[in-house]
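What you see is a predicted model; the values in this text were computed from it and never measured. Throughout, a chain's letter reflects where its sequence line sits, starting with A, and its residues are numbered from 1.
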Protein chains: 2
Amino acid sequence: MNTKNATIADVAARAGVSVPTVSRVLTGAARVSPAKVERVEAAIAELNFRPSAAARTLASRRSQVIAVIAGDTSRYGYAETIRGVEVAARAAGYTVMITVVETADDEEVDRAITATMTQSIAGVVILKFDPPGVAALKRLPADIPVVALSGVRDVGVPQAVLDEARAAEELTTLLLGLGHRTVHHVRVPPSRREDGRTTGWRRALRKAGAPVPETHDAGWEPRTGLEIGRRLAEDPSVTAVFCGNDEIAMGVMRGLADAGLRVPDDVSVAGFDDHPLAEMWSPPLTTAEQDFAGLGRRGFQLLLHVIDDTSDRLYSSERPRIILRESTAAPNPERLRAGAGVAQAAEADDAGREARGA
Amino acid sequence: MNTKNATIADVAARAGVSVPTVSRVLTGAARVSPAKVERVEAAIAELNFRPSAAARTLASRRSQVIAVIAGDTSRYGYAETIRGVEVAARAAGYTVMITVVETADDEEVDRAITATMTQSIAGVVILKFDPPGVAALKRLPADIPVVALSGVRDVGVPQAVLDEARAAEELTTLLLGLGHRTVHHVRVPPSRREDGRTTGWRRALRKAGAPVPETHDAGWEPRTGLEIGRRLAEDPSVTAVFCGNDEIAMGVMRGLADAGLRVPDDVSVAGFDDHPLAEMWSPPLTTAEQDFAGLGRRGFQLLLHVIDDTSDRLYSSERPRIILRESTAAPNPERLRAGAGVAQAAEADDAGREARGA
DNA sequence: GTGAAAGCGCTAACAG
DNA sequence: CTGTTAGCGCTTTCAC
């Protein structure tokens with residue numbers, strides 16, 4: 001076996017042709033006589049030659065690598081989105097490079113942008129799921145092809161979107177339709193001031209004329225939902241809870257259970273995303289499906305269009321699907337009664353705050 | 001602002017120095033007079049210059065990119081391991097490139113190896129968690145620095161390991177200590193004939209003189225555990241189940257619950273990995289913690305040693321930790337009695353098979 | 001079709 | 001310390 005990598009010159013020598021000819025059969029850029037093609041291919045196989053992407057990129061000023069910039073790589077939605085990008089990229093002959101931006105600090109964002117731009121890449125897909133993603137998108141040089149992936153439509157950048165607001169609105173409306181006076185909301189860390197999930201929830205309540213309760217803020221870790229669940233259990237006006245994602249919903253349910261409440265008998269809980277474990281949960285979780293992998297795939301396709309300048313319609317969105325399972329039901333009449341007084345007060349409170357412009 | 005990327009020559013011209021001098025301040029390879037350093041840095045900032053990794057790699061034959069080869073990127077253990085690698089790589093100034101190998105087919109593995117080797121990379125970290133990973137490791141050229149990450153120690157390759165067999169043995173022993181006659185086992189897809197998890201389980205049973213029941217094979221999806229759970233419920237000799245990972249354990253528990261059995265009252269269930277949702281589950285899941293992110297970090301550090309040829313001890317392992325929660329308890333006396341006859345028969349059966357050399 | 005010549009943007013030896 | 005001279009391995013003109 002050959003230890004050192006053969007070069008295109010080695011292949012040319014072995015095949016008895018010139019270097020450019022080898023390059024031609026490699027790239028298929030120009031026609032080469034069948035006889036030579038065959039000899040070149042034989043030489044490539046014999047020498048186990050693999051072209052150097054670095055040299056090729058340097059000479060051609062084109063690259064088959066794309067970068068994914070993300071605030072995280074491991075959490076469900078992120079990992080699935082990245083997987084979708086990777087699958088589509090691989091199918092198109094591209095390789096994926098990862099750049100993680102942990103915070104939205106100037107320094108961290110710059111570091112990430114530099115790390116990304118230094119690599120000669122064809123384009124970047126950026127997960128605009130959180131503040132670091134938003135910040136990175138803002139700082140990315142304008143001359144590099146880029147596609148943003150997110151839950152809310154934004155202007156000025158080609159993007160693939162999951163219509164979170166719509167899904168959240170439908171889900172909340174469904175809960176209201178079950179007979180709940182209102183629906184409480186536990187947020188996951190938003191990408192900016194307000195997420196599509198929260199917006200949709202609010203919109204549904206407004207449209208239904210239901211009171212809009214104060215939101216509860218959870219982190220990304222399921223256990224952050226636990227404490228919130230316990231607090232929620234103490235408030236008898238709470239009969240339905242819509243959580244920003246399934247993992248938080250599971251934490252909230254654990255907290256509710258710790259407090260002795262049953263789901264959905266005492267409180268209905270809905271999640272978001274349709275995490276693979278949502279249907280395994282006890283009770284199986286009502287949620288809104290989010291096709292993250294599809295988002296990633298669509299994002300990459302869009303990027304390909306941006307790269308090739310095939311700019312017809314640089315936007316892609318898809319309607320989400322609500323999945324009704326057993327964690328949601330009609331409100332518990334007793335609890336509804338018990339909470340009535342409290343809710344009344346809260347409502348007045350809420351009205352007051354709104355009037356003051358909060 | 002400058003649209004096109006500035007080159008090192010532009011910087012040199014602007015700073016009034018030679019190109020190599022700019023290179024020197026860039027790489028810090030040689031001393032440059034403070035005055036020039038300052039001018040060069042100013043020029044770099046003004047031109048917003050970013051060196052081209054492709055050119056640098058081509059000229060220096062060194063790269064700051066590593067590849068991660070994995071059979072999957074999204075599942076819990078995989079995603080966390082990759083995250084660990086990325087964090088460590090980023091801290092050391094490296095960028096991570098992902099190569100997914102979906103199957104162990106020659107063609108697919110070759111495609112992945114070629115895609116990886118074509119990029120000029122400093123080394124590769126390979127997730128030897130499954131057959132594709134094992135196959136890819138086997139086909140990787142010998143001259144590229146490589147570190148394998150897995151649950152079982154193997155010879156011939158620098159590697160970071162999570163001692164699965166030991167964790168599984170301890171967990172099974174713990175279950176046995178609770179009074180169960182034996183422990184049933186649901187496997188996740190193994191990396192080869194037998195995983196460390198299964199090996200450890202078997203070892204514990206053997207050491208305790210407990211019968212070794214037939215294993216059940218689940219897939220990666222939680223729902224594959226569901227059907228197995230239902231089947232397990234029908235067999236009264238089953239009082240304790242050790243699952244290959246937490247997600248499958250959750251599916252199994254759902255199946256058990258569907259059949260009307262309670263955990264841990266009727267059947268104890270233990271998982272593996274300590275998935276973030278394991279403690280949110282009802283009941284909270286007994287499991288063995290697996291520090292995947294740590295595995296990834298250690299793997300990258302090892303790779304750095306392989307690259308620098310600092311070959312002291314190219315192996316790293318860590319003792320796992322068992323987490324006892326509420327999904328496991330002493331066996332249900334009634335079920336134990338009911339199952340005795342069946343178990344007896346199964347045991348005889350098992351003994352017979354073993355005698356025949358299975 | 002095909003080869004010769006000229007770089008791509010950078011680093012690696014050299015001299016000095 | 002610093003500039004000059006050669007490439008790294010490939011693609012891209014441009015003749016023929």
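Contact annotation: B/K36 side-chain N/O to D/dC1 OP1/OP2 distance is not under 4.0 Å. Within the structure, a side-chain polar atom (N or O) of B/S18 is placed less than 4.0 Å from OP1 or OP2 of D/dG3.
Here the shortest heavy-atom pairing between A/F49 and A/L26 reads CE2-CD2, 3.7 Å. Nearest heavy atom pair, residue A/V101 against residue A/A112, reads CG1-CB, 4.0 Å. Residues A/R298 and A/S317 come closest through the heavy atom pair NH2-CA, 3.4 Å. Heavy-atom minimum distance, B/R297 versus B/G84: CG-O, 3.4 Å. The two atoms that bring A/A122 and A/Y94 nearest to each other are CB-CE2, 3.8 Å, heavy atoms only.
Straight-line distance from the CD1 atom of A/I44 to the C1' atom of D/dC10: 13 Å, rounded to whole Å. Here the C1' atom of nucleotide D/dT4 and the CD1 atom of B/I8 are 15 Å apart, to the nearest Å.
Within residues 49-67 of chain B, the residues having any heavy atom under 4.0 Å from DNA chain D are, by residue number, B/L58, B/A59, B/R61.
Salt-bridge check for A/R83 with A/E86: failed, with every basic side-chain N at 4.0 Å or more from each acidic carboxylate O.
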Distance-only donor-acceptor pairs under 3.5 Å for side chains of residues 35-42 of chain B, two or more places apart:
{"from": "B/R39", "atom 1": "NE", "to": "B/A15", "atom 2": "O", "distance (Å)": "3.1"}
{"from": "B/R39", "atom 1": "NH2", "to": "B/A15", "atom 2": "O", "distance (Å)": "2.8"}
{"from": "B/R39", "atom 1": "NH2", "to": "B/G16", "atom 2": "O", "distance (Å)": "3.3"}

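At a cut-off of 3.5 Å, with distance as the only test, no side-chain donor of A/T57 or A/S120 sits close to an acceptor on the other residue.
Toward the 5′ end of DNA chain D lies the nearest nucleotide of B/S33, the other residue of the pair A/T7 and B/S33 mapping further downstream.
Scanning DNA chain C 5' to 3' for nucleotides with an atom closer than 4.0 angstrom to a non-hydrogen atom of chain B gives a first and last hit of C/dG9 to C/dA13.
A/V22 comes within 4.0 angstrom of nothing in the nucleic acid, heavy atoms only.
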